Each structure stands twice: as structure tokens, then as C-alpha cells.
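One structure is given below, encoded as C-alpha cells.
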Amino acid sequence: MDSRSRAEQQIAADVRQQIEATGQYNPKDGGLEYHGADCEYFARHALAVLAAGGADSSQIVVLRDLRSDLIEQITRAEINARADDLAAEIDEGHAEQLARLADIARYGVAA
């Protein structure tokens, strides 16, 4: 797996974990809209689902799908904004690790 793919996976996991745990994502930077979410769409459809009534389990499924869509919107925006920088950091860390391993192989200790 290349560093870009690893960066995208790391960002996606970070976004999902923060939103599922707290209902927000990096609030110091701004609201969910700032991070690329269409909260108006989410709210409009969530209210429509709740107003329609019906089976609780089907409502939960639809609300989870809406939540997943919201998380995906933020994930795409964050990947577009941060993946290249994170991939460069991953590559740098990998190069440093390889250099340490080469030192250990050559000298018996890392330099």
C-alpha cells in the first residue's frame, strides 16, 4: 500500500472516530459545514424520516445512512485538504525507519 492510500485511510478513520464519539470534527477549526458537510441536507432528511414515523428500526437504518453520508462528505474534504501532506510525513517516517534499520544492519546499533 502506498503512502497516499495509508494517509487516506488514516484520515477516514480519524474523521469517523471523532464524529461518532463526539458528534463533531475538529470544532476549533469550525463547524461540520466548515469541514465540508452539508448539514442542511442532513437535517432536512433526518427530520423527514422522523416525521414520517414508521418502524423504529427502519428509521434508525435511514438515519445511520444519513450519518454515513455526512461522514463521507467530511472525509472527502479532509482527504483533499490533508492527504498529500500526511503522505509526505508517512514517506519521511518510513525513510527514517529504513535508515535506522540500515545502521543497525551495518553497525549493530542505530546512529
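Keep in mind that what you see is a predicted model, and the values were worked out from it rather than measured.
In terms of heavy atoms, Ala87 sits closest to Ala7 at N-CB, 3.7 Å. Shown here for Gln73 and Gly36, the closest heavy-atom pair between the two residues is CB-O, 3.6 Å.
With sequence neighbours excluded, no residue satisfies salt bridge (Lys or Arg N to Asp or Glu O under 4.0 Å) with Asp91. In this structure, Arg6 has no salt bridge (Lys or Arg N to Asp or Glu O under 4.0 Å) partners at least two apart in sequence or on a different chain. Remark: Glu33 engages Cys39 in a side chain to side chain contact (heavy atoms under 4.5 Å, CB included) (not counting sequence neighbours). Considering only residues two or more places apart in sequence or on other chains, Glu72 meets the salt bridge (Lys or Arg N to Asp or Glu O under 4.0 Å) condition with Arg76. Under the side chain to side chain contact (heavy atoms under 4.5 Å, CB included) criterion, Tyr34 pairs with Asp29, not counting sequence neighbours. The side chain to side chain contact (heavy atoms under 4.5 Å, CB included) search around Gln17 returns Ala21, not counting sequence neighbours. Evaluation of the salt bridge (Lys or Arg N to Asp or Glu O under 4.0 Å) rule for Glu20 yields Arg16, Arg67 as partners, not counting sequence neighbours. Partners of Ser5 according to the side chain to side chain contact (heavy atoms under 4.5 Å, CB included) rule, which considers only residues two or more places apart in sequence or in another chain, are Met1, Asp2.
Within the structure, the ring-ring contact (aromatic ring centres under 6.0 Å, His included) test picks out no pair touching residues 47-87 (sequence neighbours left out). The stretch residues 40-49 participates, sequence neighbours left out, in these salt bridge (Lys or Arg N to Asp or Glu O under 4.0 Å) pairs: Glu40-Arg44. Screening residues 2-22 for ring-ring contact (aromatic ring centres under 6.0 Å, His included), with sequence neighbours left out, gives no hits.
The line from CD of Glu96 to CG of Leu101 is 12.0 Å long, rounded to the nearest 0.5 Å. Taken to the nearest 0.5 Å, the NE2 atom of His35 stands 9.0 Å off from the CD atom of Gln24. Atom-to-atom distance recorded for Arg82:CZ and Glu89:CD is 9.0 Å, nearest 0.5 angstrom.
Using modelled atom types and a 3.5 Å distance limit, the side chains of Gln18 and Asp14 yield a donor-acceptor pair.
Through chains of ILVMFWY side-chain contacts below 4.5 Å, Ile79 is grouped with Ile11, Val15, Ile19, Tyr25, Leu32, Tyr41, Phe42, Val49, Leu50, Val62, Leu63, Leu66, Leu70, Ile71, Ile74, Leu86, Ile90.
Side-chain contact between Gln59 and Asp56: present, with at least one pair of heavy atoms (C-beta onward) separated by less than 4.5 Å.
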